[in-house]
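Predicted model, so just to flag it, every value in this text is computed and none were measured. Order of the sequence lines fixes the chain letters, A, B, ..., with proteins taken first and strands second; residue numbering starts at 1 for each chain.
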Amino acid sequence: MVRGESVTADPVRGILRPSSSYALVPSLLCGQAFRFRQSAGGVAGVCGSLALHVASAGRSLRITLPAGSAALAEAGRFLGVADNLREDAAESCAYLCGHYPDSAAAVREVFAFSEGLHLLHQQAVETIIGYVLSVQSSVELVRRRLDALAELFPANRRLLAGSDVFLFPAVAELRSLTAAEFDRLHLGYRTTWLRELIAGLPEENALEELREEHPWERRRFFRTFAGIGPKVSSCIDLFVYGNDDAFPVDVWVDRGLRHVLRFSSREVHATVGDSSALGPHCGLFGEYLFRYERERSVRLDPSCGQPPAKPPRSADTG
DNA sequence: CGCCAGGATCTGA
DNA sequence: TCAGATCATGGC
């Protein structure tokens with residue numbers, strides 16, 4: 001919509017007031033939104049057609065959008081400022097402590113570690129593609145892949161907080177990519193997944209309509225794409241459609257379930273595809289567990305310690 | 001060179 | 001149904 005001459009226009013600025021305390025930096029740096037990073041006293045990045053810079057201002061959030069951007073409300077929805085995080089987290093924590101009393105102390109530590117960490121409401125196309133490209137890849141690598149994909153469309157360049165960012169292309173734009181461009185992305189076996197996904201993905205408005213479906217219907221739909229298995233479909237349901245009962249199990253959450261809830265391999269496996277044993281809002285717990293386990297590994301392993309052991313059976317809260 | 005990264009899929013029993 | 005092998009690529 002922005003045609004060329006907006007370069008001289010001013011960025012859009014505003015203040016958002018979250019309904020409960022908002023832990024800004026961790027929420028955006030823990031890998032929820034791949035293309036966000038720390039920047040100039042806050043956090044900046046792109047998710048889909050939304051580019052924004054966020055900084056804490058007391059109990060409020062100071063928002064900056066590129067010139068010509070849509071209303072501030074879109075940023076508020078993305079950040080989940082209206083979610084009642086405190087109640088949801090308390091409910092999840094209480095459930096888990098009640099059902100796993102031997103792990104209650106460890107569970108409380110996980111929640112305390114990420115207090116104020118909201119779940120983002122991410123835009124569909126970039127998030128779906130991001131998680132398909134995340135298979136057997138690091139978060140940093142996924143971010144670079146999404147950047148490379150976005151930069152194939154120079155018209156989507158915007159100026160944000162003094163640097164260039166690229167909005168993520170729409171489905172219609174993605175369908176114009178050539179085979180040579182796909183090859184140049186060096187995605188390995190994920191190239192086929194991406195090509196077929198772009199070819200078969202509904203347009204943005206149809207993806208929005210899936211919001212009205214039951215979670216299992218969405219799951220059944222996305223699982224029809226090659227490359228979308230139980231973990232990726234759970235991520236889509238959690239991060240795009242805001243179903244905080246979805247519980248993606250990756251290598252970090254796998255370790256976390258063993259450490260914190262003392263799950264066996266059998267119990268971890270049973271959790272994939274059926275998170276009912278973890279109670280309401282367990283997706284929030286899952287995200288906290290992901291972050292907790294990942295940070296814990298970094299603290300334990302400054303190069304002299306052992307890497308996260310394959311059979312992680314001993315858990316010390318130290 | 002070997003192992004890991006927000007797994008998914010195929011295969012053989 | 002289900003553990004095990006295989007799948008490309010980049011980082012360290």
Side-chain angles (χ1 to χ4, degrees), chain A residues 26-37 47 110 114 117 119-120 122 126-149 179 182-197 200 219-240 244 246-259 264-275 282-298 300-312:
Chain A
S27 77
L28 296 177
L29 293 186
C30 71
Q32 277 189 63
F34 290 108
R35 293 205 290 149
F36 274 80
R37 312 193 83 181
C47 185
V110 170
S114 290
L117 174 64
L119 287 173
L120 300 174
Q122 305 184 45
E126 171 163 0
T127 306
I128 293 166
I129 288 177
Y131 279 104
V132 166
L133 298 185
S134 80
V135 172
Q136 285 291 288
S137 309
S138 68
V139 173
E140 266 300 297
L141 184 54
V142 176
R143 185 189 64 76
R144 282 198 299 274
R145 286 170 178 165
L146 290 174
D147 276 337
L149 199 43
F182 278 114
D183 290 340
R184 234 172 285 134
L185 293 171
H186 300 288
L187 302 176
Y189 57 82
R190 304 167 197 83
T191 302
T192 307
W193 294 349
L194 180 63
R195 275 198 294 101
E196 295 179 0
L197 176 64
R219 181 186 196 81
R220 196 171 63 83
F221 170 71
F222 285 112
R223 284 292 300 269
T224 63
F225 292 96
I228 298 185
K231 191 267 180 183
V232 171
S233 64
S234 294
C235 285
I236 294 170
D237 217 38
L238 178 63
F239 294 120
V240 175
D244 67 1
F247 193 87
V249 178
D250 56 57
V251 291
W252 296 106
V253 171
D254 186 310
R255 293 165 190 149
L257 288 174
R258 296 167 194 269
H259 289 153
S264 64
S265 295
R266 174 67 61 182
E267 290 170 309
V268 172
H269 190 72
T271 306
V272 178
D274 178 15
S275 59
C282 62
L284 195 54
F285 173 65
E287 187 58 22
Y288 289 6
L289 195 58
F290 170 78
R291 192 173 110 80
Y292 179 83
E293 197 64 27
R294 221 161 160 255
E295 299 290 321
R296 196 181 77 104
S297 149
V298 170
L300 286 182
D301 181 16
S303 79
C304 59
Q306 71 281 11
K310 281 261 174 64

Residue list, side-chain hydrogen bond (donor to acceptor under 3.5 Å, both in side chains) with A:Glu267, at least two apart or on another chain
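Only A:Ser264 meet the side-chain hydrogen bond (donor to acceptor under 3.5 Å, both in side chains) criterion with A:Glu267.
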Partner residues of A:Ser275 under the side-chain hydrogen bond (donor to acceptor under 3.5 Å, both in side chains) criterion, sequence neighbours left out:
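side-chain hydrogen bond (donor to acceptor under 3.5 Å, both in side chains) check on A:Ser275 returns nothing, list empty.
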Gap between atoms [atom1] and [atom2], on [X] and [N] respectively (whole Å):
X        : N     : atom1 : atom2 : answer
A:Leu194 : C:dC7 : CG    : P     : 21 Å
A:Leu146 : B:dG6 : CG    : P     : 13 Å
A:Phe182 : C:dA8 : CZ    : C1'   : 17 Å

Which residues share a side chain to side chain contact (heavy atoms under 4.5 Å, CB included) with [X], sequence neighbours left out:
X        : value
A:Arg144 : A:Glu140, A:Leu141
A:Ser265 : A:Arg258
A:Ser234 : A:Arg219, A:Pro248

Touch check for A:Glu293, heavy atoms < 4.0 angstrom, all strands: base, sugar-phosphate only, or nothing?
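It contacts nothing in the nucleic acid.
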Which ones in residues 220-232 of chain A lie close to DNA chain B, meaning a heavy atom under 4.0 Å from one of its atoms?
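Residues of residues 220-232 of chain A under 4.0 Å from DNA chain B: A:Phe225, A:Ala226, A:Gly227, A:Ile228, A:Gly229, A:Pro230, A:Lys231, A:Val232.
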Go through residues 135-142 of chain A and report each residue with a non-hydrogen atom lying under 4.0 Å from DNA chain B, sorted by number.
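Result for residues 135-142 of chain A: A:Val135, A:Gln136, A:Ser137, A:Ser138, A:Val139, sorted by number.
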Are any of [X]'s side-chain N or O atoms less than 4.0 Å away from OP1 or OP2 of [N]?
X        : N      : answer
A:Arg190 : C:dG10 : no
A:Arg294 : B:dG6  : yes
A:Arg144 : C:dG11 : yes

For A:Phe247, ring-ring contact (aromatic ring centres under 6.0 Å, His included) partners two or more places apart:
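Partners of A:Phe247 under the ring-ring contact (aromatic ring centres under 6.0 Å, His included) test: none.
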Stacking between A:Trp252 and the base of B:dG6 (centre distance under 5.5 Å, interplanar angle under 30°)?
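No, the aromatic ring of A:Trp252 does not stack with the base.
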Nearest 0.5 Å, please: how far is CG in A:Leu120 from OG1 in A:Thr127?
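If I round to the nearest 0.5 Å, the distance is 9.0 Å.
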So, A:Gln122 side chain and A:Gln32 main chain: donor-acceptor pair closer than 3.5 Å or not?
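Yes, A:Gln122 side chain to A:Gln32 backbone: donor-acceptor pair under 3.5 Å.
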Gap in Å between the two C1' atoms, one belonging to C:dG11 and one to B:dC1, rounded:
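One C1' to the other, the span is 14 Å.
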Run the side-chain donor-acceptor check on residues 220-229 of chain A: report pairs under 3.5 Å with partners two or more places apart or on a different chain.
{"from": "A:Arg220", "atom 1": "NH2", "to": "A:Glu217", "atom 2": "OE1", "distance (Å)": "3.0"}
{"from": "A:Arg223", "atom 1": "NE", "to": "A:Ile228", "atom 2": "O", "distance (Å)": "3.3"}
{"from": "A:Thr224", "atom 1": "OG1", "to": "A:Phe221", "atom 2": "O", "distance (Å)": "2.6"}

